[in-house]
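Hydrogens, waters and symmetry mates are skipped; everything else that's a heavy atom, side chains included, is used.
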Amino acid sequence: MAFQPDLFGYVRPKRARRVLAHAVDAGDHGCVYAAGMTMVALFRCARCNWESGWIECSTMTAVKRGIACEPCNKAPASS
């Protein structure tokens with residue numbers, strides 16, 4: 001049976017890639033956190049050098065995952 005990449009000529013459009021800001025500093029500041037939050041992290045985008053403030057995160061895995069860079073991921077203005 002031959003490979004059929006699309007059915008009836010429909011190809012699902014791909015979502016644009018997100019630009020992520022990754023952690024440059026993370027840790028535990030020893031204060032009281034909101035429920036479910038155990039880490040604080042500072043994120044920076046390598047593309048535009050945008051830097052977030054200190055953000056509370058749930059786990060170290062969430063810190064390593066990164067966050068979306070706000071300036072790089074803004075939708076382009078449509079005319």
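Applying the side chain to side chain contact (heavy atoms under 4.5 Å, CB included) test to Glu51 and every residue at least two apart in sequence or in another chain returns Leu42, Arg44. Every residue was checked against the side chain to side chain contact (heavy atoms under 4.5 Å, CB included) condition with Ala46, not counting sequence neighbours, and none meets it.
Linking ILVMFWY side-chain heavy atoms closer than 4.5 Å, directly or via other members, places Ile55 and Trp50 in a single hydrophobic cluster.
Val40 has its side chain out of reach of Asp28: every pair of non-hydrogen atoms, C-beta onward, lies at least 4.5 Å apart. In this structure, the side chains of Met39 and Met60 come closer than 4.5 Å at one or more pairs of heavy atoms. With a 4.5 Å cut-off on side-chain heavy atoms, Leu20 and Phe43 do not count as touching.
Here the closest heavy-atom approach between residue Val19 and residue Cys45 is recorded as CG1-SG, 3.9 Å. Closest non-hydrogen pair, Arg47 versus Cys72, comes out as CD-SG, 3.7 Å. Closest of all the heavy-atom pairs between Ala41 and Val63 is CB-CG1, 3.8 Å.
Rounding to the nearest 0.5 Å gives a distance of 9.5 Å between NZ of Lys74 and SG of Cys69.
Not one N or O on the side chain of Asn73 forms a donor-acceptor pair closer than 3.5 Å with the backbone of Ala68.
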